[in-house]
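Beneath this line is the structure, given in structure tokens, with notes to follow.
Every value quoted in this text rests on a predicted model; they were computed, and no experiment measured them. In each ligand, atom 1 is the first atom listed, and ligand 1 is the first ligand listed. Atoms considered below: every heavy atom in the structure, side chains included; atoms not considered: hydrogens, waters and symmetry mates.
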Amino acid sequence: MNSLYRHGRIVFLAVLFHVKSFREFLVRFDMLKRISKADKEILDNIKRMEAEIVRRSQELEEQKARERVEVSQLRAKQIQIQLELVEVRNLLAGVQKEIDKLEKQERAERERLARLALSRRRGAVAVAAVKMPGFVFPVAGTHAYSSTFGDYRSGGRSHQGNDIYALKGTPVVAVVNGTIEELSRSGLGGIILKLRGDDGNTYSYMHLNAYAPGVGEGMRVSAGQVIGYVGNTGNASNGPDHLHFEIHPGGGGAIDPYPILRGVE
Ligand SMILES: [Zn+2]
């Protein structure tokens with residue numbers, strides 16, 4: 001009994017001797033044994049639980065430490081990804097800038113071409129739009145012509161008028177009111193007529209097949225009056241019939257008649 005309870009000895013003995021019979025003593029003794037046994041089991045349980053708690057908390061600490069490491073690794077990875085993202089964004093911004101620049105260049109080029117096309121159209125309209133009051137088309141019949149003024153001609157000459165193609169014998173008329181200034185012949189122009197317009201300009205007709213009957217130098221003619229016929233005299237003799245027509249403002253150097261011819265079409 002001493003070995004069982006050293007410190008609680010007095011209490012223990014007191015419990016043992018407050019009995020009225022040996023039988024009661026035995027009952028109490030047995031009860032105390034049971035109690036002490038139960039206490040020991042409780043203590044053992046507590047110790048096991050304490051050990052378990054220590055073990056669990058150690059595990060938890062280890063787990064926490066592992067998680068801290070994982071978290072810091074994840075943070076590092078996150079920072080790396082953010083840095084890469086920044087790099088990619090910078091790269092994209094650079095590419096976008098380059099695209100913007102190219103688009104701007106392309107837009108500028110398109111606008112330049114559009115302006116060029118517009119100015120060309122305006123030019124074409126201007127060519128077609130020259131109207132001369134009282135001016136009549138020089139060939140009275142089916143014809144065809146194009147702007148060939150300034151084109152190269154044999155002997156280093158440049159073409160000083162427009163060629164108006166029509167069938168031989170198609171009437172040729174005075175383009176304005178005026179006076180027949182000159183009737184002549186040459187190896188180049190063939191049968192030639194020069195009309196001095198009341199407007200101050202001189203008009204030349206070449207390669208005629210013939211003059212109209214009664215036409216002579218100094219004769220007054222009015223716009224639309226027949227003065228000759230389409231032919232291929234002069235250096236045109238091997239080619240198609242056409243009227244070579246020139247306009248000399250104020251009797252001076254020739255200008256391109258094409259815009260004025262277009263103006264009366
Ligand atoms: Zn010609």
Same cluster or not: [X] versus [Y], using hydrophobic residues (I, L, V, M, F, W, Y) connected whenever any side-chain heavy atoms lie under 4.5 Å apart?
{"X": "Ile227", "Y": "Val230", "value": "yes"}
{"X": "Val176", "Y": "Leu183", "value": "yes"}
{"X": "Ile191", "Y": "Val173", "value": "no"}

*May I ask you to check whether His159 and His244 show a side-chain donor-acceptor distance below 3.5 Å?*
yes
*Specify which N/O/S atom of His159 comes nearest to the Zn ion (ligand 1), by atom name.*
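The His159 atom nearest to the Zn ion (ligand 1), restricting to N, O or S, is NE2.
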*asked:* What do you get for the angle at the Zn ion (ligand 1) between ND1 on His244 and OD1 on Asp163, to the nearest 10 degrees?
replied: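 Value, to the nearest 10 degrees: 110°.
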*Taking both backbone and side-chain atoms into account, decide whether His207 has an N/O/S atom under 2.8 Å from the Zn ion (ligand 1).*
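Short answer: no, not a single N, O or S atom is under the cut-off.
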